[in-house]
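Just so it is clear, the structure is predicted and the values come from calculations on it, not from any experiment.
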Amino acid sequence: MGEQKPKSVGVWQTVKPFVNGGASGMLATCVIQPIDMIKVRIQLGQGSGVHVAKTMLREEGLGAFYKGLSAGLLRQATYTTARLGSFKILTKKAMAANDGKPLPLYQKALCGLTAGAIGASVGSPADLALIRMQADATLPLAQRRNYKNAFHALYRITADEGVLALWKGAGPTVVRAMALNMGMLASYDQSVEFFKDTLGFSEASTVVGASAVSGFFAAACSLPFDYVKTQIQKMQPDAHGNYPYSGSLDCALKTLKAGGPFKLYTGFPVYCIRIAPHVMMTWIFLNQIQKLEESVGL
């Protein structure tokens with residue numbers, strides 16, 4: 001019995017970064033979901049953030065802001081679990097290879113890129129379900145899919161379009177995640193050093209300031225890919241069975257031709273406002289979860 005306890009502790013220490021990452025991401029999503037819903041509607045051409053919010057509240061009620069929440073939570077349970085968990089493991093291995101010394105910024109960025117790709121690959125089905133559920137109300141009644149929840153959406157997609165359809169748009173999803181993680185992690189570390197060491201900010205002020213800066217760069221790096229991903233995932237065939245875009249590159253080129261590079265940054269203010277608080281709250285929730293675990297000896 002004395003040998004089983006270290007084994008159990010070892011297993012928990014291995015899975016803990018994944019469990020904590022997923023839990024913190026899910027808690028943050030519960031707060032951010034209404035802003036994310038507005039962001040998707042803006043990208044689908046429904047108007048400005050204020051106009052979209054007023055229209056949704058007037059025509060669909062308060063519940064519309066939380067449409068797709070089950071898919072959002074499922075996405076965090078897969079994407080953020082895999083992303084933060086793998087990032088923790090990758091950085092630990094990199095530090096071990098670096099004789100325990102702090103990692104240089106470029107190595108952290110590489111770990112972030114890799115973790116983002118892993119997380120996005122795992123979370124792509126839930127992300128597809130989330131986008132479709134959020135976009136459903138913008139479609140004509142005859143074209144609406146009427147998914148009941150995330151699991152119903154995944155079942156319907158698999159039954160109607162095949163298993164591989166769950167990874168429709170996975171390419172831009174992975175690229176977006178890699179860009180987001182690179183921008184978020186690289187700028188966050190530098191901002192923490194600047195606010196704490198150079199400006200002498202308190203811990204709370206440092207977290208808020210660094211999270212806002214990293215959220216901005218995460219948004220700036222990832223929004224073009226997010227825009228293309230959203231267009232690919234929500235597209236439907238016309239009467240002749242033809243899709244508006246043949247792929248991510250075709251979507252990007254047609255978007256650039258139609259509206260120029262700024263078209264890819266449609267909804268940037270709302271997207272930035274959505275990303276920055278989510279980054280901040282994810283880290284705050286993660287910190288509180290870790291403190292709770294320490295207090296109970298986990």
Side-chain angles (χ1 to χ4, degrees), residues 1-33 36 69-98 100-103 107-109 111-123 126 150 177 180-181 184-189 191-193 195-196 201-215 218 275-298:
M1 289 191 57
E3 296 180 356
Q4 291 179 354
K5 187 175 181 180
K7 182 179 179 181
S8 176
V9 171
V11 171
W12 169 242
Q13 292 302 320
T14 301
V15 302
K16 185 164 72 170
F18 294 91
V19 174
N20 292 351
S24 60
M26 292 172 75
L27 288 170
T29 292
C30 289
V31 181
I32 294 300
Q33 181 69 14
D36 191 44
L69 178 59
S70 61
L73 293 175
L74 179 61
R75 180 179 182 273
Q76 293 300 318
T78 52
Y79 167 64
T80 301
T81 296
R83 176 183 63 148
L84 294 186
S86 59
F87 178 72
K88 188 74 171 180
I89 290 176
L90 289 168
T91 52
K92 279 187 176 180
K93 289 185 177 294
M95 286 185 67
N98 201 32
K101 298 177 183 178
L103 297 179
Q107 288 188 8
K108 290 180 181 179
C111 289
L113 283 168
T114 305
I118 293 172
S121 298
V122 174
L180 187 149
N181 280 275
M184 180 179 74
L185 295 173
S187 62
Y188 184 79
D189 277 358
S191 298
V192 166
E193 293 178 7
F195 288 129
K196 185 177 180 180
F201 280 17
S202 65
E203 181 180 355
S205 298
T206 296
V207 170
V208 173
S211 296
V213 172
S214 67
I275 289 292
H278 196 282
V279 169
M280 180 180 67
M281 284 186 289
T282 297
W283 290 117
I284 291 174
F285 280 128
L286 180 61
N287 180 260
Q288 293 301 311
I289 290 171
Q290 290 172 337
K291 286 183 177 180
L292 178 63
E293 288 173 344
E294 289 178 2
S295 68
V296 297
L298 288 177

For [X] and [Y], which heavy atoms make the closest approach, and how far apart are they?
| X | Y | value |
| --- | --- | --- |
| S86 | F18 | N-CE2, 3.6 Å |
| S24 | L84 | OG-CD1, 4.1 Å |
| G116 | A177 | O-CB, 3.3 Å |
| T14 | P17 | O-CD, 3.4 Å |
| L180 | R83 | CD2-NH1, 3.9 Å |
| R75 | G123 | CG-O, 4.5 Å |

Interatomic distance, [X] atom [atom1] to [Y] atom [atom2] [nearest 0.5 angstrom]:
| X | Y | atom1 | atom2 | value |
| --- | --- | --- | --- | --- |
| I289 | K16 | CD1 | NZ | 11.5 Å |
| C30 | L73 | SG | CG | 4.5 Å |
| T80 | M26 | OG1 | CE | 9.5 Å |
| Q107 | L90 | CD | CG | 11.5 Å |
| L74 | T29 | CG | OG1 | 11.0 Å |
| I89 | T114 | CD1 | OG1 | 13.0 Å |

Does any non-hydrogen side-chain atom of V213 lie less than 4.5 Å from one of F195? yes
Quick one: do the N20 and E293 side chains pair a donor with an acceptor below 3.5 Å?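 Checked: N20/E293 side chains pair up, N/O donor to acceptor below 3.5 Å.
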